[in-house]
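A quick write-up on the structure given underneath.
None of the values given here were measured: they were computed from a predicted structure.
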Amino acid sequence: MTSAPPPDEPRWLSDDEQRIWRAYLHATTLLEDHLDRQLQRDAGMPHIYYGLLVKLSQAPRRRMRMTELAMDAKITRSRLSHAIARLERNGWVRREDCPSDKRGQNAVLTPAGMKVLERTAPGHVAAVRQALFDRLSPEQIGQLGEIMRVMAEGLQPPGEDADLPWLR
């Protein structure tokens with residue numbers, strides 16, 4: 001049994017952990033690039049914008065408060081504002097004042113934005129399937145799901161005073 005390092009020393013990654021970490025970084029970078037290229041080619045938008053349209057399409061009345069959308073997308077309010085401005089220029093989203101809070105705004109998916117999603121979704125699903133699910137066995141897919149759930153639970157910061165992107 002190995003002893004723990006003194007508290008003031010870093011716990012360096014083992015050779016196996018380093019190999020796995022680098023493989024994870026390499027694969028996730030390639031996957032994000034793959035999905036970005038597919039969406040740029042098919043819809044002229046990056047993956048993050050597609051994700052915002054999907055979130056709006058699934059929201060009641062296809063609208064969400066901007067702060068809630070930033071929180072769901074795990075991005076800063078500034079980055080969200082820039083993305084929504086671009087989506088507005090394309091006619092896919094519009095902003096409207098929030099009736100319950102005069103300082104707040106809602107992002108609303110337009111009919112044109114919904115049409116873009118309907119046209120783009122089949123190619124995007126095919127790209128996700130080809131890049132990830134078709135390469136894994138059913139057992140590996142289950143393991144990946146469990147691993148991602150455990151990681152997300154451990155990384156979700158508690159409390160509202162945490163340094164979270166959507167609070168910046």
Side-chain angles (χ1 to χ4, degrees), residues 1-59 64-87 90 92-93 107 109 113 116-117 120-168:
M1 180 165 191
T2 61
S3 62
D8 57 341
E9 280 190 36
R11 242 181 94 217
W12 299 109
L13 299 180
S14 70
D15 289 344
D16 278 347
E17 289 168 333
Q18 187 68 250
R19 181 184 50 75
I20 292 165
W21 173 242
R22 287 181 180 161
Y24 169 83
L25 289 176
H26 186 68
T28 56
T29 300
L30 289 172
L31 178 61
E32 189 63 30
D33 179 64
H34 176 74
L35 298 177
D36 259 346
R37 282 184 284 117
Q38 178 269 319
L39 287 165
Q40 285 290 354
R41 181 185 64 245
D42 292 356
M45 76 174 102
H47 192 213
I48 185 91
Y49 291 11
Y50 179 83
L52 294 172
L53 294 179
V54 168
K55 288 181 188 308
L56 289 172
S57 77
Q58 296 170 340
M64 288 179 77
R65 283 189 57 117
M66 293 281 284
T67 51
E68 184 183 344
L69 187 54
M71 184 175 76
D72 279 4
K74 308 290 187 256
I75 59 175
T76 64
R77 290 178 292 200
S78 172
R79 185 171 183 199
L80 176 66
S81 184
H82 176 76
I84 294 297
R86 166 103 184 274
L87 294 169
N90 290 341
W92 300 340
V93 170
L109 182 66
V116 165
L117 270 180
T120 308
H124 183 63
V125 168
V128 170
R129 181 166 296 290
Q130 180 270 330
L132 181 64
F133 294 105
D134 289 350
R135 298 173 186 275
L136 301 176
S137 69
E139 181 181 67
Q140 289 172 319
I141 291 169
Q143 291 168 343
L144 179 63
E146 179 63 13
I147 290 166
M148 294 296 107
R149 185 191 62 74
V150 168
M151 284 178 59
E153 284 177 2
L155 292 170
Q156 186 66 42
E160 292 188 21
D161 54 341
D163 181 25
L164 302 171
W166 54 93
L167 296 178
R168 290 186 223 134

Quick one: are Tyr50 and Val54 in side-chain contact, heavy atoms under 4.5 Å? yes

Looking at every heavy atom in both Gln40 and Pro46, which two are closest together, and how far apart are they? NE2-N, 3.3 Å

Is the shortest heavy-atom distance from the side chain of Asp42 to the side chain of Gln38 under 4.5 Å? yes

Identify the heavy atoms of Ser81 and Met66 that sit nearest to each other, and give their distance. CA-CE, 4.3 Å

Heavy-atom distance under 4.5 Å between the side chains of Val93 and Arg86, does that happen here? no

Work out which heavy atom in Ala83 is nearest to a heavy atom in Tyr49; give both atom names and the distance. CB-CE1, 3.3 Å

Atom CG of Leu80 and atom OG1 of Thr67: how far apart are they, to the nearest 0.5 Å? 9.0 Å

Does Leu117 reach the side chain of Leu56, with side-chain heavy atoms less than 4.5 Å apart? no

Only one of Asp36, Leu52, Asp33, Leu31 passes side-chain contact (heavy atoms from CB on, under 4.5 Å) with His47, and that residue is Asp36

Please lay out, stage by stage, how His34 and Gln130 fare under the test side chain to side chain contact (heavy atoms under 4.5 Å, CB included). CA-CA 10 Å; His34 176 74; Gln130 180 270 330; 3.2 Å; yes

Crowded around Arg65 CZ? As in, over 12 foreign heavy atoms under 6.0 Å? yes

Under the 3.5 angstrom rule, does the side chain of Thr120 hit a backbone N or O of Val116 as a donor-acceptor pair? yes

Working for side chain to side chain contact (heavy atoms under 4.5 Å, CB included), residues Met45 and Leu53: CA-CA 11 Å; Met45 76 174 102; Leu53 294 179; 3.7 Å; yes

Separation between CD1 of Ile48 and NZ of Lys74, rounded to the nearest 0.5 Å: 11.0 Å

Assess whether side chain to side chain contact (heavy atoms under 4.5 Å, CB included) is satisfied between Leu136 and Gln143, documenting all intermediate values. CA-CA 10 Å; Leu136 301 176; Gln143 291 168 343; over 6 Å; no

Is it the case that atom CG in Asp15 sees more than 12 heavy atoms from other parts of the structure closer than 6.0 Å? no

Of all heavy-atom pairs linking Ala59 and Met64, the shortest is CB-CG, 3.4 Å

